[in-house]
Amino acid sequence: MPSLLILNGPNLNLLGTRQPEVYGRVTLADIENACRTKARNLGIGLDFLQSNHEGVLLDAIHAARGVHDGIILNAGAYTHTSVALMDAIASVALPVIELHLSNIHAREPFRHKSFIAPVALGQICGFGAAGYGLAIDALLEHLQGGA
Ligand code: DQA
């Protein structure tokens, strides 16, 4: 059975109270519960992690090799700054879906640049917490040879 890693970057632990007009009122714990329920129903493995530290995210991407079949990454603000995350993704040769709750292309110009996009399978953004479920479906579709 496929196993996925869902990785969340800085400030996403504050979901629910953080700028609800942008990110909604759903907490990261709510999102994790929904993802775990979905994974159980699909019969797939799932690890779910959040860190505010770039190095911890890098270590998690490295450690995913040989353990997980793909990664869903909401890198938060590191999306727009981190060459290191881009290099890590390019190095592990695992399919990665870039995820954002908000539509980063409709926001400030500095959010339009993503260091993740060139090394990602694809990007899902603008669908709020529902994006996590969409990303699981898209990654499974890819792993099963569909997309
Ligand atoms: C975000 C978008 C980023 O620009 C921002 O820095 C975040 C959250 C999102 O999920 O919409 O922290 O990744």
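Note that ligands are numbered from 1 as they come in the structure, with each ligand's atoms numbered from 1 the same way. Bear in mind the structure is a predicted one, so any value in this text is a computation, not a measurement.
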>> Please classify the Arg111 to ligand 1 contact at 4.0 Å (heavy-atom distances, strictly less than): side chain, backbone, both or neither.
In response: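 It is the side chain that touches ligand 1; the backbone stays farther off.
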> For ligand 1, which part of Asn74 has a heavy atom less than 4.0 Å away: the side chain, the backbone, both, or neither?
Replying inline: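 For Asn74, the contact with ligand 1 is made by the side chain alone.
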Can you tell me the protein heavy atom closest to [atom] and the distance?
atom	result
atom 9 (C) of ligand 1	Leu101 N, 3.4 Å
atom 1 (C) of ligand 1	His100 ND1, 3.7 Å
atom 11 (O) of ligand 1	Ser102 OG, 2.6 Å

> Is there a donor-acceptor pair closer than 3.5 Å between any side-chain N or O of Thr79 and the backbone N or O of Gly76?
Replying inline: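 Yes: the side chain of Thr79 pairs with the backbone of Gly76.
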> When you measure from the side chain of Asp87 to the backbone N and O of Ala84, does any donor-acceptor pair fall under 3.5 Å?
Replying inline: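 No; zero donor-acceptor contacts below 3.5 Å.
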Measure the shortest side-chain to side-chain distance between [X] and [Y] over non-hydrogen atoms and say whether it is less than 4.5 angstrom.
X	Y	result
Leu12	Arg18	yes
Ile6	Ile31	no
Tyr132	Asn8	yes

>> Could you go through His105 and Arg107, starting from their C-alpha distance and side-chain angles, then the distance that decides it, and tell me whether this counts as side-chain contact (heavy atoms from CB on, under 4.5 Å)?
In response: CA-CA 6 Å; His105 304 288; Arg107 299 182 63 192; over 6 Å; no
With a 4.0 Å cut-off on heavy atoms, is [X] in contact with ligand 1?
X	value
Ile104	yes
Tyr23	yes
Arg18	yes
Asn11	no

> What do you reckon, does Ala77 have a nitrogen or oxygen under 3.5 Å from a nitrogen or oxygen of ligand 1?
Replying inline: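 Between Ala77 and ligand 1 (N or O atoms, distance only) the closest approach is under 3.5 Å.
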>> Check whether Phe110 forms a cation-pi arrangement with Lys113 (NZ or CZ under 6.0 Å from the six-membered ring centre, at most 45° off the ring normal).
In response: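 Here Lys113 fails the 6.0 Å and 45° test against Phe110.
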> Passes side-chain contact (heavy atoms from CB on, under 4.5 Å), Gln50 versus Asn74? Steps please.
Replying inline: CA-CA 9 Å; Gln50 187 275 331; Asn74 184 346; over 6 Å; no
> Which of the numbered atoms in ligand 1 are below 4.0 angstrom from a heavy atom of His80?
Replying inline: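 Near His80, the atoms of ligand 1 are 3 (C), 4 (O).
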